[in-house]
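Okay, so here's the structure we're looking at.
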Amino acid sequence: MSKTRRIDEYEWELPIGFVDGMRVPGRVFASRELFDKALADRAAEQVANVATLPGIVGASFAMPDIHWGYGFPIGGVAATDPASDGVLSPGGVGFDIGCGVRLVRTDLTQADLDDSLRELVHALGNQVPRGVGGRGRLPIQGSDIDRVLTEGVAYAIERGAGWSEDGQSCEDLGTLPDADASQVSERAKERGRGQLGSLGAGNHFLEIQIVDAIRERSAAELLGLVEGQVCVMIHSGSRGVGHQTCTDYLRSIDRLGNAFGYAPPDRQLACVPLNHELAESYRGAMNACGNFALANRQVLMDGVRAAFESVFQSSARDLGMQLVYDVSHNLAKLEEHSIDGTPRPVCVHRKGATRAFGPSHPDLPERFRSTGQPVLIPGSMGTSSFVLTGTDAAATKSFSSTCHGAGRAMSRTKAKKQMSGQELRKQLESAGIALARTRWKLLSEEAPYAYKDAEDVVAACEGAGLSRVVARLRPVGVVKG
DNA sequence: ATGTCC
């Protein structure tokens, strides 16, 4: 195994030869401390494994929140070139296809919560179905599931869950192109029909947060964020339909066998050439599940607005509850990037990594021309979350990508052994954070000590030039699965 | 992450 090399304060190289068969180097954006963590849980080895994929270009990248995942590390970015037999790999997207984050602003300040925080957390808990299984707020009948999978946010709005302008504040305007509902299995659709507008479990959450530090005033102003303001962050994904779709396609790829002369160093790196019809099918299904995830967060936000309306006896419009932005951090996208100086379409896998277009990116909507694309980074339970913006430098450094969150630092099993759910609840409440009723058994798996510090992660991304920190948000109320 | 095994 070759030695790692420090390239810069926040940039590390895993040279070709770190593992056998690498076509490009691995490159990890991290402080020394975070890079050491990546090496310790063998996630760095996964970065090197990804570098063996056919058609991979540039390098196999990892963000500072990298940790061990299925095949690809979570926090990994890999671009493959269809013109050089590049592949598409479900493991490079993850089981929770389209998982992402949404931030809603309000005109309320922390003082408005003094008498009503507990009531609000309770109301949110009632409006937002959660937990494993979980029935959604908006049941879907028959073939309407195909419309969810094709239209995303637009479908939810048509069903009355939201405002007509909400799509404008979502990545891809709330509807991923190239979605093909006919490539999603009936079994996956059946799981999806009952789950639109449900939070899920694990690290998925909904939080009432206070903007407690502004670092980039003009960008914050553009996004409608001011210090002391109440916001709501939603972290959720495509639930059962995405999980089933990932499972379905891993099985289909497995059935093809080793037909393309690529022997992956890890069976979980199963992949198929982009120009093979199975890749086209998976891509259509993946985008469809991404649309489900977008629609899911839209319906969840509708529940948030309803909860605020009931508690504050005022309309969501009058409360200023505009959508700030919505990002997905588990998708593979066809994008144009400069490869050896020539612009070429490549397939950028982002698994636990967020697209972060800079101010001069041609595909950036006009309204973000002065700031770059907004990026939402959820912290672990009870710790701060962040709003970032993309940089032009990221286009050449990381295929326009940045981090996605705190990143796990301890296994679920180990985290559970440190503290009981009830103990953790007491700790959060003594820190002034209200917690909606939940299943205490699973709570301690999500304890802050089980995660890296999101503050360190976003600082490393800023240090590496991949994004800029706009605002920090502090949680005061938590709704968990 | 996930009807934590069809």
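We name chains A, B, ... by the order of the sequence lines, and we start the count at 1 in each one.
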[N] [atom2] sits how many Å from [X] [atom1], rounded?
{"X": "Asp248(A)", "N": "dC5(B)", "atom1": "CG", "atom2": "P", "result": "17 Å"}
{"X": "Gln244(A)", "N": "dC6(B)", "atom1": "CD", "atom2": "P", "result": "8 Å"}
{"X": "Phe95(A)", "N": "dC5(B)", "atom1": "CZ", "atom2": "P", "result": "12 Å"}
{"X": "Glu186(A)", "N": "dC6(B)", "atom1": "CD", "atom2": "P", "result": "17 Å"}
{"X": "Ile97(A)", "N": "dT2(B)", "atom1": "CD1", "atom2": "P", "result": "12 Å"}
{"X": "Leu199(A)", "N": "dT2(B)", "atom1": "CG", "atom2": "C1'", "result": "14 Å"}
{"X": "Ile74(A)", "N": "dT2(B)", "atom1": "CD1", "atom2": "P", "result": "13 Å"}
{"X": "Leu250(A)", "N": "dT2(B)", "atom1": "CG", "atom2": "P", "result": "16 Å"}

Report task. Evaluate the criterion salt bridge (charged side-chain N to carboxylate O under 4.0 Å, His left out) for residue pair Glu186(A) and Arg193(A); output intermediate values, then yes/no. Result -> CA-CA 10 Å; Glu186(A) 190 45 50; Arg193(A) 281 191 186 96; 3.1 Å; yes

Query raised in the report: Looking at Met381(A) and Pro448(A), what are the two nearest heavy atoms and their distance?
Result: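 Scanning both residues, the minimum pair turns out to be O-CG, 3.3 Å.
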
Query raised in the report: So which one's nearest nucleotide on DNA chain B is more toward 5', Gly133(A) or Arg251(A)?
Result: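 On the 5' side of the pair lies Gly133(A).
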
Query raised in the report: Among Leu206(A), Asp96(A), Leu199(A), which residue meets the side-chain contact (heavy atoms from CB on, under 4.5 Å) test with Ser236(A)?
Result: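 Going through the options one by one, the only one that passes is Leu199(A).
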
Base, sugar-phosphate or nothing for [X]? Non-hydrogen atoms, less than 4.0 Å.
{"X": "Gly237(A)", "value": "nothing"}
{"X": "Gln195(A)", "value": "sugar-phosphate"}
{"X": "Gly134(A)", "value": "nothing"}

Query - Given dT2(B), dC6(B), dT4(B), the nucleotide with the shortest approach to the side chain of Arg187(A) - result: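 That would be dC6(B).
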
Query raised in the report: Salt bridge check: are Arg408(A) and Glu446(A) linked by an N-O gap of less than 4.0 Å?
Result: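 A salt bridge is present here (some side-chain N lies under 4.0 Å from a carboxylate O).
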
